[in-house]
A.B. asks: 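Below is one structure. I have some questions about it.
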Protein chains: 2
Amino acid sequence: MRARDLVTETPTVRLDTPALEAARLFAREDPPGLVVIDHDGKPLTVLPGSQVLRLGVPTYIQDDPALARVVDEASADVFLRALGDRTVEQCLPERHKELAVVGPEATVLELAALMASSHTPLVVVVDPQLGMIGVVTLATLMDRLVES
Amino acid sequence: MRARDLVTETPTVRLDTPALEAARLFAREDPPGLVVIDHDGKPLTVLPGSQVLRLGVPTYIQDDPALARVVDEASADVFLRALGDRTVEQCLPERHKELAVVGPEATVLELAALMASSHTPLVVVVDPQLGMIGVVTLATLMDRLVES
């Protein structure tokens with residue numbers, strides 16, 4: 001069993017995709033993360049949903065989530081509107097996480113070791129000729145591993 | 001909208017649950033993480049799937065996932081058997097992550113701030129009288145936020 005046998009499609013976003021569109025993808029597809037494609041069409045990093053939320057949360061509340069209690073319920077309900085026309089690029093931390101990536105021939109052990117060491121539920125599979133061919137998710141990997 | 005309106009059930013495990021059983025829960029239910037219940041029946045921490053995998057990966061490969069390539073495909077396919085009769089407790093890092101927890105009255109802004117600051121897609125909701133009443137997942141939160 002190799003990475004190519006476990007590949008699934010995943011929604012991707014570009015650096016200039018609106019952050020609100022990324023939020024909608026999380027709501028609709030519930031992916032473990034969104035693969036961000038750079039200006040050259042190459043996978044750059046994985047955007048976790050928590051970081052899309054972060055961009056909508058005022059800085060003083062990011063520093064101390066308990067301060068969210070000073071905001072009334074009605075205002076809290078619509079806080080994501082603060083995303084406005086901000087982009088995926090603005091959601092990314094300054095030093096974004098290195099992409100967990102394997103070739104199509106990677107074994108399940110290599111995939112598991114990479115997920116474990118990089119604490120990610122999503123590994124990007126890149127073919128040297130074809131470029132990114134999809135991802136392997138933790139759910140897919142676990143599914144096949146418990147069958148074996 | 002408050003945490004109590006967004007609560008969903010989630011599979012839980014105990015410290016003495018077999019790690020293989022935890023792996024099966026990840027395969028079957030695809031949760032963002034498993035809530036670990038301590039000996040007193042209280043939620044202790046959240047176990048990410050990547051850490052269940054870690055327990056099955058030999059230490060020398062954890063340190064350098066590229067070394068997984070020296071293991072042949074047939075052996076790699078069944079590596080999770082190495083979990084044997086090990087338990088969830090053994091999957092947890094020595095210093096486990098602090099639990100992201102709110103009361104039933106927390107607003108969506110408080111939930112979002114907590115997910116963002118603790119980089120977790122799962123917040124446990126604890127009622128002072130009833131104890132843990134469920135979790136709010138990032139997917140549920142996003143779903144309701146993009147509707148607002």
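Protein chains get the first letters and strands the later ones, always in sequence-line order, with residue 1 at the start of each. As a basis for the values below, the full set of heavy atoms in this structure was taken, side chains included, without hydrogen atoms, waters or symmetry mates.
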A.B. asks: Checking heavy atoms, do the side chain of A:L111, its backbone, both or neither come under 4.5 Å from chain B?
C.D. replies: neither

A.B. asks: Using a 4.5 Å heavy-atom cutoff, which residues in residues 130-140 of chain A come close to chain B?
C.D. replies: A:L138, A:A139

A.B. asks: Side chain, backbone, both or neither: which part of B:I61 has an atom under 4.5 Å from a heavy atom of chain A?
C.D. replies: both

A.B. asks: Do you reckon A:L114 sits in the same ILVMFWY cluster as B:L80, going by side-chain contacts under 4.5 Å, direct or chained?
C.D. replies: yes

A.B. asks: Are A:L141 and B:V71 grouped together when hydrophobic residues (ILVMFWY) are joined by side-chain heavy atoms under 4.5 angstrom apart?
C.D. replies: yes

A.B. asks: I need the residue from A:S75, A:P48, A:G56, A:P65 with the largest number of non-hydrogen atom pairs under 4.5 Å to chain B.
C.D. replies: A:P65

A.B. asks: Would you mind reporting whether A:P58 and B:L109 have side-chain heavy atoms less than 4.5 Å apart?
C.D. replies: yes

A.B. asks: Should A:V88 and A:V57 be counted in the same cluster of Ile, Leu, Val, Met, Phe, Trp and Tyr side chains packed under 4.5 Å apart?
C.D. replies: yes

A.B. asks: Is the closest side-chain heavy-atom distance between B:H119 and A:Q51 below 4.5 Å?
C.D. replies: yes

A.B. asks: Run A:M142 and B:V52 through side chain to side chain contact (heavy atoms under 4.5 Å, CB included) and show every step you take.
C.D. replies: CA-CA 10 Å; A:M142 283 288 198; B:V52 177; 3.9 Å; yes

A.B. asks: Around atom CZ of B:R14, are there more than 12 heavy atoms from other residues, nucleotides or ligands closer than 6.0 Å?
C.D. replies: no

A.B. asks: Is it true that atom CG of A:D85 has more than 12 heavy atoms of other residues, nucleotides or ligands lying nearer than 6.0 Å?
C.D. replies: no

A.B. asks: Counting heavy-atom pairs under 4.5 Å with chain B, which one of A:A66, A:A74, A:A68, A:P121 comes out on top?
C.D. replies: A:A68

A.B. asks: Measuring heavy-atom distances to chain B, does A:E110 have an atom under 4.5 Å in its side chain, in its backbone, in both, or in neither?
C.D. replies: both

A.B. asks: Grab the two heavy atoms, one from B:M115 and one from A:S50, that are nearest each other, plus how far apart they are.
C.D. replies: O-CB, 3.4 Å

A.B. asks: Checking B:L55 against chain A: side chain, backbone, both or neither under 4.5 Å from a heavy atom?
C.D. replies: neither

A.B. asks: Would you confirm whether B:E73, through its side chain, and A:M1, through its main-chain N or O, come within 3.5 Å as a donor-acceptor pair?
C.D. replies: yes

A.B. asks: What about A:L67 and B:V101, same hydrophobic cluster or not, with Ile/Leu/Val/Met/Phe/Trp/Tyr joined at side-chain heavy-atom distances under 4.5 Å?
C.D. replies: no

A.B. asks: Are there residues of residues 24-43 of chain A that reach to under 4.5 Å of chain B by heavy atoms, and which ones?
C.D. replies: A:R24, A:F26, A:A27, A:D30

A.B. asks: Decide whether B:L6 and B:V102 are clustered together by the hydrophobic rule: side chain heavy atoms of Ile, Leu, Val, Met, Phe, Trp, Tyr closer than 4.5 Å, transitively.
C.D. replies: yes

A.B. asks: Flag the one option from B:A116, B:A106, B:S118 with the top tally of heavy-atom pairs under 4.5 Å to chain A.
C.D. replies: B:A116

A.B. asks: Determine whether A:L53 and B:L145 make a side-chain contact, defined as any pair of heavy atoms from C-beta on separated by less than 4.5 Å.
C.D. replies: yes

